[in-house]
Number of protein chains: 2
Amino acid sequence: MATGRTHRPATRSRGIPEATVARLPLYLRALTGLSERSVPTVSSEELAAAAGVNSAKLRKDFSYLGSYGTRGVGYDVEYLVYQISRELGLTQDWPVVIVGIGNLGAALANYGGFASRGFRVAALIDADPAMAGKLVAGIPVQHSDELEKIISDNGVSIGVIATPAGAAQPVCDRLVAAGVTSILNFAPTVLTVPDGVDVRKVDLSIELQILAFHEQRKAGEEAAAEAAHPAAAHRGDSTEQGPDGDVPAVMPA
Amino acid sequence: MATGRTHRPATRSRGIPEATVARLPLYLRALTGLSERSVPTVSSEELAAAAGVNSAKLRKDFSYLGSYGTRGVGYDVEYLVYQISRELGLTQDWPVVIVGIGNLGAALANYGGFASRGFRVAALIDADPAMAGKLVAGIPVQHSDELEKIISDNGVSIGVIATPAGAAQPVCDRLVAAGVTSILNFAPTVLTVPDGVDVRKVDLSIELQILAFHEQRKAGEEAAAEAAHPAAAHRGDSTEQGPDGDVPAVMPA
DNA sequence: GGCTGTGAAATCGTTCACAGCT
DNA sequence: AGCTGTGAACGATTTCACAGCC
């Protein structure tokens, strides 16, 4: 259900699974690290370890992109960096606006990894007139009256919402009406958007609640570990990293 | 679903799917909203709409918790709020420490939704001696030398890492050694943790890259929409919200 | 009549294991 | 010999559709 791809428009056999797309940035980061250390090639095993997944999954993921490896050898780091960047659309520059320059919005604007790979903060927007003109991360904050003009003048298609929950939906509506088709929502609300617009959310309290659930379960099982040896108690999976099995589905709501 | 119909204390309903756990906070939020508006009952259809999922999924999710609804009527809002809170472990108070009080750490400390539901910021920790003693969100920042003592004195089991990428793994190791078993990682790195420790990550640049992928694909399909009517172009799914189909897998690494 | 609870079917994602290239 | 690429098995999640209760 992720990205509704009802029927294939062209003859493209391009169906990269959402779960794979969600891991490509992880691989890219690991590869960038190797690239900086001038490592020429990696095996699926090594790269998988660096990205925190298992090698079978990584090979399967890469197989959706094409055959970019060499049997008996591994993958060429530079070549893979390029291929994945291209696939993710990072070879072009994406202007982004951040709406809601409070604590969080300011932190996001200051976040380094933002500009690094393909993204550029085109504007900061806030509803508070007192904020207008102030510099945050070296960028002047503009009043939300200008929102539509900013979007259109800069050709912005990605918007980040860091407003309070109550303001998020109206802001979202205006962004979409102005032409934004991808939204990253930090406000703790469900956003409703028309078809063809992607929304992803980042929600601190949801993450904490999920952790609390597991934490509680651990406490319960700990208590149940009276009969067994007083030492070893946990079961659990492999050494795999957390939100890797992530499939945060992006839907053209 | 399971076996017995009555509440089994020891034989607790084994194994709620991860995907379901990840949605419970969403339902809880929607229910809290209804509760504040004094709505007594909701149908699966209404609640699903408020949470941004479809009703079949919601009913299936609730079926894992037990039979908390009434056929022909719907769900009692207050009762469900209680049941889900209990299931998520929110009826108890979870002390949390935030490590790394930079822009992001400060924003997180100031985040309201933090304290609201079951979580309490027990301490703020930073490696910079100049930060020590400063008040952030009304809480004094403590130096990281105190980390182990803070964790143990406060019985902290959940830690939030908001340090630069390079510091994340060492901080993580210390948190885990001190007794933390759940970590929410905002640093752009893969964390390695022992079995029994859960890690979830929140990563701005990964989210943006996933959006860029879809954005790029839209641009491509737009170009392919020459043959068809110059108007309608998008297909896509229902009105469902984004990261709901989320399965951010938490693994007892 | 309306709405929940749930088997069964469909879909999606992961893991296995090995054929095939270098 | 080593390591990728991938069909096939497996497992998890979503959706369907309807029986069962109010």
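So that the names make sense, note that chain A is the first sequence line, chain B the second, and so on, each numbered from 1.
- The phosphate of D/dT14 has neither OP1 nor OP2 within less than 4.0 Å of any side-chain N or O from B/N54.
- In this structure, B/Y68 has its ring center no closer than 6.0 Å to that of B/F62.
- Side-chain contact check for B/F186 versus B/I161: every heavy-atom pair is 4.5 Å or farther apart.
- Of the listed nucleotides (C/dG5, D/dT6, D/dT4), D/dT4 has the atom at the smallest distance from the side chain of A/S43.
- Across D/dT4, D/dC22, D/dT13, the shortest atom-to-atom separation from the side chain of B/T70 is found for D/dC22.
- Checking the phosphate oxygens (OP1, OP2) of D/dT13, no side-chain nitrogen or oxygen of B/K57 falls inside 4.0 Å.
- Phosphate proximity of D/dT4 to A/S44: present, with a side-chain N or O under 4.0 Å from OP1 or OP2.
- Residue A/F62 is out of contact with every strand shown, counting any heavy-atom pair closer than 4.0 Å.
- When distances are taken from the side chain of A/K60 to each of D/dA8, D/dT4, C/dT6, the shortest belongs to D/dA8.
- Using a 4.0 Å cut-off between charged nitrogen and carboxylate oxygen, B/D198 and A/R217 do not count as a salt-bridge pair.
- Remark: A/Y75 is in phosphate contact with D/dG5, judged by side-chain N or O atoms under 4.0 Å from OP1 or OP2.
- If you measure from atom CG of B/L58 to atom P of D/dT15, you get 12 Å, rounded to the nearest angstrom.
- Inspection of the B/R86 and B/T91 side chains reveals no N or O donor paired with an N or O acceptor under 3.5 Å.
- Side-chain atoms of A/Y64 lie closest to C/dT14 of the nucleotides C/dA17, D/dA17, C/dT14.
- Contact annotation: side chain of B/R71 to base of C/dT4, donor-acceptor pair present below 3.5 Å.
- For B/Q83 and C/dT4, the CD to P distance is 17 Å, given to the nearest whole Å.
- Between B/P17 and A/G74, the residue whose closest nucleotide on DNA chain D is further toward the 5' end is A/G74.
- Between the OH atom of A/Y68 and the C1' atom of D/dC3 there is a distance of 19 Å, given to the nearest Å.
- If you take CD of B/E18 and P of C/dT14, they are 14 Å apart, rounded to a whole angstrom.
- Distance CG (B/D61) to P (D/dA12): 16 Å, rounded to an integer number of Å.
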